[in-house]
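Computed from a predicted structure; not experimentally measured.
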Amino acid sequence: MTSPQNAGKLRGALKIAIVGNAILAIALAGLWWHSRQAGSEAPKKPGAPQQTQTSTGGSESSASNAQSSNDLNEPQIGPVQLTPQKMQSIGVKLGRVQMKSLGDEIRVTGNVDVDERRLSVVQTRFPGWIRKVFVDATYDYVRKDQPLFTIYSPDLVTTEREYLLARKNQQELSHSSIDGVSMGAETLVAAARDRLQQWEVPESEIAKVDASGSVITDLTIKSPVSGYVTERNVLPNMYVQPETKLYAVADLSTVWVYAQVFQTDVGRVQTGNSAVVTVDAYPQKTFKGRVDSILPQVDMNTRTVRVRLAFPNPGLLLKPGMYVNVALQTGAQRALVIPASSVFHSGTRSLVFVNEGGGSLAPREVDLGPQVGDEYVLQNGLHAGESIVTSANFLIDSEAQLQAAAGAFAPPPPGAGGAAAMAPPSGAPQANVEFITEPSPPAKGNNTVRVKLTDAGGSLVTGAQVHVTFYMAAMPAMGMAAMKTDVDLSDKGNGAYQGKAELASGGTWQVTIVARKNGTVIANKQLAVNATGGM
């Protein structure tokens with residue numbers, strides 16, 4: 001048996017051994033971690049600038065790295081080399097950047113309304129009862145001084161009697177020898193006559209009172225202007241007050257049109273600009289007017305501003321409430337322009353393929369201004385006279401993305417055509433792509449996109465990054481710009497990838513499916529789908 005003294009020595013030796021092994025394990029783990037970190041760092045190129053640390057512990061290039069991370073999410077597009085045969089087969093057309101004088105036009109809708117400056121209201125300045133009504137229907141046409149109705153007013157009759165009595169006294173006292181009597185009688189006549197005038201009794205009616213020497217109980221009220229009765233509140237035997245609105249008469253020889261202009265375009269509209277109106281009821285006729293006023297309020301629901309236009313209305317063809325089409329002409333300006341069909345929208349960028357000669361097409365990012373008709377105003381990125389691609393941008397972009405993903409671009413040998421340009425990098429495994437949508441076929445609006453990847457042996461491919469692009473070329477004849485939708489699919493496991501695609505229109509869409517794994521393109525497929533739902 002082991003003695004207690006020997007047992008204590010063994011326990012001490014065991015503890016020392018355990019502690020030593022633990023220290024050795026920690027040291028080995030630290031050396032392994034340090035060697036792994038050193039091995040994972042990319043070797044720096046000779047002469048490359050070194051990254052310096054700021055006082056806050058961050059690097060000076062952190063902002064640019066954040067921007068670069070955003071750029072990595074967008075497809076990489078490089079230059080493309082095409083043979084003349086390839087360019088002809090995919091329908092490449094060329095154009096030039098031009099300096100042009102633009103006469104911009106904004107097309108909106110509007111409604112016809114009454115010119116409020118040519119609107120008159122008929123009221124009386126005394127209370128009374130309506131007797132006879134001569135104009136008894138809304139939208140009847142009346143001429144100036146045409147009788148509208150007659151009215152009996154006790155207050156008016158009393159004033160007429162006072163006027164007649166004052167005139168009689170004036171005649172009797174006109175030869176009085178007493179100072180001031182004759183002048184006082186004239187003052188009473190003038191006061192009574194002035195009261196009738198203040199009540200807007202026509203001079204013709206006062207003349208009748210003078211001629212007849214009797215009171216006119218039923219006073220005839222006439223139209224102050226010529227026009228159409230747009231409002232009538234007169235009925236026989238109705239009692240009216242001075243505040244009662246009896247008639248509204250509108251002169252429709254000139255009308256207003258309220259155009260609904262989007263707030264993004266209202267800055268291009270100025271008072272006095274010319275405008276043209278067309279109406280579906282008169283397909284061969286146009287009406288010419290001008291911008292009268294830009295109203296200072298934005299409709300919160302439609303985000304539009306009402307612009308008031310004034311139009312002559314011969315023949316009264318434009319009727320209040322009518323729905324019309326409006327073309328607003330803005331001021332002409334000189335600017336660099338490119339065809340709208342030449343612009344390829346890639347993520348947050350707008351690209352144009354520049355023809356560098358010899359079949360070389362290089363993408364260049366541009367800054368665009370407003371679209372004017374079938375052209376974009378160019379703010380930066382190109383110069384006047386440069387040759388650019390104006391069609392087939394989608395096919396060129398697909399080929400450029402594939403070449404950029406495959407690595408450095410190498411032009412195909414003479415006679416190789418497009419086949420060499422589209423060939424995958426040698427040795428890269430190519431996956432099979434199964435593409436479906438729900439609904440099938442896809443429709444205008446929201447769609448579910450599913451892709452299934454399998455390798456050459458039929459095994460499921462997982463852990464890939466799948467990007468799907470829907471593209472529809474511009475149709476200038478129909479006023480439609482090019483449309484593009486990019487979708488990054490999520491890995492659902494078992495080789496299945498899924499995402500949501502919002503299609504802005506029905507019609508034929510060109511679809512490009514690019515799958516990458518570990519930075520290498522493993523699949524690239526192009527097809528066309530016909531979406532339902534109309535334009």
Would the distance check show the side chain of [X] and the main-chain N or O of [Y] forming a donor-acceptor pair, the cut-off being under 3.5 Å?
{"X": "D455", "Y": "A431", "answer": "no"}
{"X": "N447", "Y": "G445", "answer": "yes"}
{"X": "K484", "Y": "H345", "answer": "yes"}
{"X": "K144", "Y": "G227", "answer": "no"}
{"X": "S342", "Y": "P339", "answer": "yes"}
{"X": "K452", "Y": "E434", "answer": "no"}
{"X": "Y282", "Y": "L317", "answer": "yes"}
{"X": "N313", "Y": "L252", "answer": "yes"}
{"X": "S120", "Y": "V225", "answer": "no"}
{"X": "D299", "Y": "R303", "answer": "no"}

Closest contact, heavy atoms only, [X] versus [Y]:
{"X": "E105", "Y": "T330", "result": "N-OG1, 4.4 Å"}
{"X": "V326", "Y": "T109", "result": "CG2-C, 4.3 Å"}
{"X": "D491", "Y": "G463", "result": "OD2-N, 3.0 Å"}
{"X": "Y323", "Y": "V279", "result": "O-CG1, 4.1 Å"}

Short N-O contact, D251 and R117, less than 4.0 angstrom: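 No, D251 and R117 are not salt-bridged.
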Salt bridge check: are R364 and E386 linked by an N-O gap of less than 4.0 Å? yes
With side chains defined as the heavy atoms from C-beta onward, is the minimum distance between [X] and [Y] less than 4.5 Å?
{"X": "F470", "Y": "V449", "value": "yes"}
{"X": "V307", "Y": "L295", "value": "no"}
{"X": "H467", "Y": "D486", "value": "yes"}
{"X": "W256", "Y": "V114", "value": "no"}
{"X": "V389", "Y": "L361", "value": "yes"}

Could you tell me the separation between the OH atom of Y471 and the CH2 atom of W509, rounded to the nearest 0.5 Å? 10.0 Å
Does CZ in R107 sit with more than 12 non-hydrogen atoms of other residues, nucleotides or ligands closer than 6.0 Å? no
Using the ring centroid of each side chain, check whether Y141 and Y228 are separated by less than 6.0 Å. yes
